[in-house]
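These figures come from a predicted structure and were not determined experimentally.
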Amino acid sequence: MKSINEELGSTTYPGRGIIIGKTKSGKAAIIYFIMGRSENSRNRVFVEDGEGIKTKAYDESKLTDPSLIIYSPVRVLGKQTIVTNGDQTDTIYEGIKNGKTFEESLLIREFEPDAPNFTPRISGIVFDEDGNFSYKLSILKRDPESGVCQRFTYDYREPVAGVGHFIHTYMKDGDPIPSFTGEPEALSVPDNIDELTNECWNSLNADNKVSLFVRLIDLDTLETETRIINKNN
């Protein structure tokens with residue numbers, strides 16, 4: 001099993017990424033990071049928004065197109081935490097509130113309309129029902145041949161202590177940027193939140209990294225620890 005450092009450091013541009021898993025001591029771990037190549041994409045910070053977070057322009061005067069970069073990456077609904085790389089966070093949140101499943105909520109969404117990259121929409125959800133922790137990851141991406149939306153969901157009903165799963169938007173840098181392929185990568189997850197945060201942040205490419213969110217949830221008490229790092233301070 002790879003470490004987070006090995007996996008994140010293996011490419012200069014994984015784009016946006018989600019890691020969900022379980023620490024060795026049994027806490028739920030949620031990680032989300034954003035990277036950027038353009039000035040508009042890099043002009044962002046994470047800020048707390050209730051129990052979740054939202055993206056915000058660091059310099060409002062340089063914001064040119066907010067449509068795909070300003071959104072709520074993390075929202076909490078009861079004992080469920082939703083994390084995504086776009087405004088489908090709100091789609092999932094409202095869908096579940098109205099009795100839909102995670103998968104059903106995403107049926108009305110597709111990959112992003114940012115040709116020629118057609119950035120995949122990646123999403124995750126953490127369930128905590130009376131201490132029974134499970135999670136799902138999803139990716140909606142464009143089939144390069146037909147142009148239709150491919151929908152993949154990965155269901156982790158029996159999380160293993162010390163293991164997380166990593167899904168991201170791009171395989172590497174390029175023009176256009178190649179979308180993520182394969183299954184989420186299994187990675188080892190440290191127990192200490194500061195160790196976890198530092199390993200993630202220090203592993204991301206220094207030129208392209210923008211912001212990082214890390215949260216640990218105690219499944220017995222539901223107490224949370226959260227760390228946010230923004231390159232633009």
May I have the list of side-chain donor-acceptor pairs in residues 62-69 shorter than 3.5 Å, sequence neighbours left out?
from : atom 1 : to  : atom 2 : distance (Å)
T64  : OG1    : N40 : OD1    : 3.3
D65  : OD1    : S67 : N      : 3.1
D65  : OD1    : S67 : OG     : 2.8
D65  : OD2    : S67 : OG     : 3.4

Salt bridge D87-R109, side-chain N to carboxylate O under 4.0 Å =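 Looking at R109 together with D87, the answer is yes, because their closest N to O distance falls below 4.0 Å.
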Thinking salt bridges, do D207 and R37 make one under a 4.0 Å N-O criterion?
->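 Here D207 does not pair with R37 in a salt bridge, since their nearest N and O are not under 4.0 Å apart.
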No-hydrogen, no-angle side-chain donor-acceptor test under 3.5 Å, N5 and S3 =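 Short answer, no.
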Could you tell me whether the side chains of R42 and N208 share a donor-acceptor contact shorter than 3.5 Å?
->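 Short answer, yes.
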Donor-acceptor pair, side chain of T84 and main chain of P73, under 3.5 angstrom |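 Not at all, since once roles are kept as given, no pair shorter than 3.5 Å links the two residues.
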Co-members of the apolar cluster containing [X] [side chain, <4.5 Å]:
X: V45; value: V47, Y58
X: L212; value: I4, L8, Y13, I19, I31, F33, M35, F166, Y170, I177, L187, V189, I193, L196, W201, L204, V214, L216, I229
X: L140; value: L77, I82, I92, Y93, I96, F102, L106, I125, F127
X: V163; value: M1, V160

Please list, chain by chain and in numerical order, all residues satisfying side-chain contact (heavy atoms from CB on, under 4.5 Å) with T181, sequence neighbours excluded.
->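 Checked T181 against side-chain contact (heavy atoms from CB on, under 4.5 Å); matches are K141, M171.
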Pairs meeting criterion ring-ring contact (aromatic ring centres under 6.0 Å, His included) with involvement of residues 177-197, two or more places apart |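 Sorted result for residues 177-197: H168-F180.
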Which pairs count as ring-ring contact (aromatic ring centres under 6.0 Å, His included) when at least one residue sits in residues 136-157, sequence neighbours excluded?
->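 Those involving residues 136-157 are Y135-Y156, Y156-H165.
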On the ring face of F118, is R142 found with NZ or CZ under 6.0 Å from the centre and within 45° of the axis?
->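 Geometry flag: set, cation within 6.0 Å and 45°.
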For S211, side-chain hydrogen bond (donor to acceptor under 3.5 Å, both in side chains) partners two or more places apart =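 side-chain hydrogen bond (donor to acceptor under 3.5 Å, both in side chains) check on S211 returns N230.
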Can you name the residues that form a side-chain hydrogen bond (donor to acceptor under 3.5 Å, both in side chains) with R215, not counting sequence neighbours?
->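 By the side-chain hydrogen bond (donor to acceptor under 3.5 Å, both in side chains) rule, R215 matches T226.
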Partner set under ring pair (Phe, Tyr, Trp, His ring centres under 6.0 Å) for F213, not counting sequence neighbours |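 Not a single residue meets the ring pair (Phe, Tyr, Trp, His ring centres under 6.0 Å) criterion with F213.
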K2: partners by salt bridge (charged side-chain N to carboxylate O under 4.0 Å, His left out), with sequence neighbours left out =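 For K2 the salt bridge (charged side-chain N to carboxylate O under 4.0 Å, His left out) partners, ignoring immediate neighbours, are E7.
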